[in-house]
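The next block holds one structure in the form of structure tokens; read it before the comments.
Everything quoted here is computed from the prediction, not taken from an experiment. All residue numbers in this chain count up from 1 along the given sequence.
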Amino acid sequence: LSINALSGATDFLTESEGNALQELRAGRAFASGGIAKEFVEELRLSGYIFPSEAAEESVYREIVDTWTVRRLAESELLIFMALDTLCKMGCSYCFQRQAEGCGVELENSVMTKQSLRLAFGALDQIQKQTGRKVKWIVLFGGEPLQERLTNTVDQCIALAKERGHEVVAFSNMAMIGGRLRATLAARREALTWIETTIDGPAEIHNGFRLISSAYERTLQNIQVMLDLGIPITVRTNINPDNIDMLPRLGAEFDRVGWYSNPRFKHIVALCTDRHLLGGKIFREDSGYSRFLRIRDQFPVVEKMQDYNIVYILFHLAVAMKTREIIGGVDYRTDLRPVVVHCPTGCGSEFVFTGEPQGPGQDGYSIYCCAECGSSLEQNKPFRIGKYSPSLEFFGEACGTWGGPDYLSLERSIRTIPQCTACNMALFCGGGCSLESINANKTAALPHCREAEDVILSFVQRESERLYAIGSKALMS
């Protein structure tokens, strides 16, 4: 197996081809008198060999610069409107619970008609200054889809629709009642999709939460939304405590016909530990391997989308999935290098909060990462600006995320010094900004999650699987 981080190619080689490539890398001639010119040309076209180190460095710089400029230019604004910053669900792995575990005070604010108009006005200014389109307006929290927020939800969707923005919602879907259902039904053409989280069958899902009937309420509202024609994405966050229940959960979804509904999608993702509290999580290689082995044994798990489960291993996962789908055809999988980890690194992610509800609260805040949104702490610059009485960004706080001007921020593998000399940089993009701030007190440093060891360990652990896929391709 050969993974080319520079060109994005992922190739299966025969043993003789692999040996030949190693010989070329070592600068040694072949005792047999050489190799086929066609193979050498294929290696050159795939970016595996260069006439000199200087030529390779030149190509590397050109590719990184090209993709970084393209990534920044194509980056669209991802806007989270935190309609209510607090949530009563209390999921044990939630970023808010993680923040509380660090002793972080959570902002208590709620969007009103006035604050929504101010927030959308600030967004208009940001668009004008950056020239960027809005990808989505995300109804966010805390928890946005609550019965008591029905009018706020309606107003937010209306303001987005006036501007031609797509609207999605991230919700636990357990607090939707009759009035809100009617509003969502009336606005269904303006809702692109709703994403919710189900972490297992009832006893597991409810066990992660403070509301004992969360599972039953959420499933009921999923069916109501599907019947209204609103697309639903269910996300299952897995860790060592719940991964083995995936077949049971899949069987339940299959039984009610959701997998055959074109408006339903089920994705699987690994639980994260952005605040570095030592939570019970998988490292990417072991989590993905465990998932694949469960999928091997239970066909219903194949109906779940697993691309969200990996980041460092994304190139390899796509190459494997593509070859599995097309039945082993020798198909070249070309993927773009990862030069920027996430929208925050492009200065394109924003979280707007509403009017303050508690003493000493500022409110009208702007954050740049949804997983730290509404987290206030004196020594951690999560709050990067405000939008009332006017739009303002705080230079010192923005600087901790990678630059004093968030609207022109670039946190990429060409701005992080350690990444410029790392052969794994094109797989991880410097890692998560929030994790880096929690680990290093600045996003100017990388947070790599052991990228090289993750890749090597996965390849070693799954060598039999990879060999089987590669053999089919090589024999086709």
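Ser171 and Thr196 get closest at one heavy-atom pair: O-OG1, 2.8 Å. When all heavy atoms of Ile384 and Ala397 are compared, the closest pair comes out as CA-CB, 4.1 Å. The two residues Ser109 and Thr353 make their nearest non-hydrogen contact at OG-CB, 3.3 Å. Taking each heavy atom of Ala169 and Leu145 in turn, the nearest pair found is CB-CD1, 4.2 Å. Closest approach of Tyr387 and Ala122 over heavy atoms only: CB-CB, 3.7 Å. Summarising the geometry of Gly250 relative to Met304, their closest heavy-atom pair is CA-CE, 3.7 Å, with the distance given to 0.1 Å.
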### Task
Take Tyr367 and Phe350 through the test ring pair (Phe, Tyr, Trp, His ring centres under 6.0 Å) and record every step on the way to the result.
CA-CA 6 Å; Tyr367 300 87; Phe350 298 83; over 10 Å; no

### Task
Go through the steps to decide whether Arg235 and Thr197 satisfy the test side-chain hydrogen bond (donor to acceptor under 3.5 Å, both in side chains), and finish with yes or no.
CA-CA 5 Å; Arg235 176 188 177 107; Thr197 302; 5.4 Å; no

#### Entry: Glu450 vs Arg283, salt bridge (charged side-chain N to carboxylate O under 4.0 Å, His left out): CA-CA, chis, key distance, verdict
CA-CA 9 Å; Glu450 306 172 293; Arg283 198 173 78 160; 3.2 Å; yes

### Task
For the pair Glu435 and Arg449, evaluate salt bridge (charged side-chain N to carboxylate O under 4.0 Å, His left out) and give the outcome as yes or no after the intermediate values.
CA-CA 10 Å; Glu435 290 180 10; Arg449 298 188 193 170; 3.1 Å; yes

### Message
What verdict does the ring pair (Phe, Tyr, Trp, His ring centres under 6.0 Å) test give for Phe264 and Phe253, after you've listed the backbone C-alpha separation in whole Å, the side-chain angles of each residue and the deciding distance to 0.1 Å?
### Response
CA-CA 10 Å; Phe264 179 83; Phe253 290 176; 5.7 Å; yes

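Aromatic ring pairs are classed by plane angle as parallel below 30°, tilted from 30° to 60° and perpendicular above 60°; the pair His266 and Tyr259 is parallel.
Of the candidates Phe427, Tyr288, Phe291, Phe314, Tyr288 is the only one forming a ring-ring contact (aromatic ring centres under 6.0 Å, His included) with Phe458.
Judged by distance alone, the side chain of Thr130 and the main-chain N or O of Leu407 form no donor-acceptor pair under 3.5 Å. At least one donor-acceptor pair under 3.5 Å links the side chain of Glu284 to the backbone N or O of Tyr311. Distance alone, capped at 3.5 Å, is enough to place a donor-acceptor pair between the Thr344 side chain and the Cys368 backbone. The closest donor-acceptor contact from the side chain of Asn206 to the backbone of Ala214 lies under 3.5 Å. A donor-acceptor pair under 3.5 Å is formed between the side chain of Arg411 and the backbone N or O of Gly430. Proximity of a side-chain donor or acceptor of Asn440 to a complementary backbone N or O of Pro446 within less than 3.5 Å is detected. Listed for the Thr183 side chain is no donor-acceptor partner under 3.5 Å among the backbone atoms of Thr150. In this structure, the side chain of Thr85 engages the main chain of Glu107 through a donor-acceptor pair within 3.5 Å. Thr218 places a side-chain N or O within donor-acceptor distance of the main-chain N or O of Asn172, the cut-off being under 3.5 Å. Side-chain atoms of Asn438 come within 3.5 Å of backbone atoms of Leu434 as a donor-acceptor pair (strictly under, hydrogens ignored).
Side-chain contact check for Asn151 and Arg179: at least one donor-acceptor pair (N or O, by modelled atom type) lies under 3.5 Å. A side-chain donor-acceptor contact under 3.5 Å links Asp227 and Gln223. Side chains of Ser115 and Thr112: a donor-acceptor N/O pair is present below 3.5 angstrom, by distance only. Residues Asn221 and Arg181 bring a donor and an acceptor atom of their side chains to less than 3.5 Å of each other. Checking Thr68 against Glu410 by side-chain atom types alone, no donor-acceptor pair falls below 3.5 Å.
Counting only residues at least two apart or in different chains, side-chain hydrogen bond (donor to acceptor under 3.5 Å, both in side chains) contacts with residues 388-406 comprise Asp405-Ser408.
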